[in-house]
Trainee: 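Mind having a look at this structure? Questions to follow.
Just so it is clear, the model here is predicted, and its values are computed rather than measured.
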Amino acid sequence: MQPLLSLEEAFERVSLVASKRPLDSVTLPLTEAVGHVLAEDAVAELSIPPFNNSARDGFVVSNDVDAGDAFFEVQGEIRAGDSVEHADQIAPQVARIMTGGPVPDWAAAVVM
């Protein structure tokens, strides 16, 4: 029985063997590419959506919020599909935000 290898040593051994056996790349139509791996990075030409949006439901808070306060008044709600202008017009402090909603310019964080 062989001794156990560290993760780093195992990765080095696999990399050494794999580097000696490079694979040829092929160009395929997207519909035939199922099961294949990209030979190089795919980079989007533009971001969609073209604004910062919330990855989860929660509350967006500004830098003005004092973490020592026990209660906060929720100033509004930001939903997916709302405009960036709508989000920016809500009074800075705390607002409810839904997944996909635009994060206002005054936001410091989104809290679950």
Trainee: Minimum heavy-atom separation for L28 and A33, please, with both atom names.
Mentor: CD1-CA, 4.2 Å

Trainee: Strictly distance-based, threshold 3.5 Å: is any side-chain N or O of S54 a donor or acceptor partner for the main-chain N or O of R56?
Mentor: yes

Trainee: Is there a path of hydrophobic side-chain contacts, each under 4.5 Å between heavy atoms of I/L/V/M/F/W/Y residues, joining V110 to I90?
Mentor: yes

Trainee: Please report the closest heavy-atom contact between R96 and G58, naming both atoms and the distance.
Mentor: NH1-O, 3.0 Å

Trainee: Between V60 and P104, is there a side-chain heavy-atom distance shorter than 4.5 Å?
Mentor: yes

Trainee: Honestly curious: do F51 and I78 fall in one hydrophobic cluster under the side-chain, below-4.5 Å linking rule?
Mentor: no

Trainee: With hydrophobic residues grouped by side-chain heavy-atom distances under 4.5 Å, do V61 and V74 end up in a single group?
Mentor: yes

Trainee: How long is the span from the CD atom in E77 to the CZ atom in F59, to the nearest 0.5 Å?
Mentor: 9.0 Å

Trainee: Verify the cluster assignment for F72 and V111: are they in a single hydrophobic cluster under the rule of side-chain heavy atoms below 4.5 Å apart?
Mentor: yes

Trainee: Tell me the closest heavy-atom pair linking A91 and W106, and the distance in Å.
Mentor: O-CZ2, 4.1 Å

Trainee: Nearest heavy-atom pair of S62 and P92: which atoms, and what distance?
Mentor: OG-C, 4.0 Å

Trainee: In Å, rounded to the nearest 0.5 Å, how long is the span from CG of L30 to NE2 of H36?
Mentor: 12.0 Å

Trainee: Taking all atoms of both residues into account, what is the closest heavy-atom pair of N63 and A108, and its distance?
Mentor: OD1-CB, 3.1 Å

Trainee: Which residue is it: D82, V84, D88? I am looking for the one with a side chain to side chain contact (heavy atoms under 4.5 Å, CB included) to H86.
Mentor: D82

Trainee: Between E45 (side chain only) and V43 (backbone N and O only), is there a donor and an acceptor less than 3.5 Å apart?
Mentor: no

Trainee: Should R13 and L5 be marked as a side-chain contact (heavy atoms from CB on, under 4.5 Å) after you check the CA-CA gap, both sets of side-chain angles, and the distance that decides it?
Mentor: CA-CA 10 Å; R13 288 186 181 187; L5 302 175; 3.6 Å; yes

Trainee: Got a sec: does the CG of L4 have more than 12 other heavy atoms crowding it under 6.0 Å?
Mentor: no

Trainee: To the nearest 0.5 angstrom, please state how far the CG atom of D105 sits from the CD atom of Q89.
Mentor: 11.5 Å

Trainee: For E9, is there any backbone N or O sitting under 3.5 Å from a side-chain donor or acceptor partner on S6?
Mentor: yes

Trainee: Just by modelled atom types, is the T99 backbone N or O under 3.5 Å from a matching donor or acceptor in the D57 side chain?
Mentor: yes

Trainee: Heavy atoms only: give me the nearest A80-M98 pair and the separation to one decimal.
Mentor: N-CB, 4.3 Å

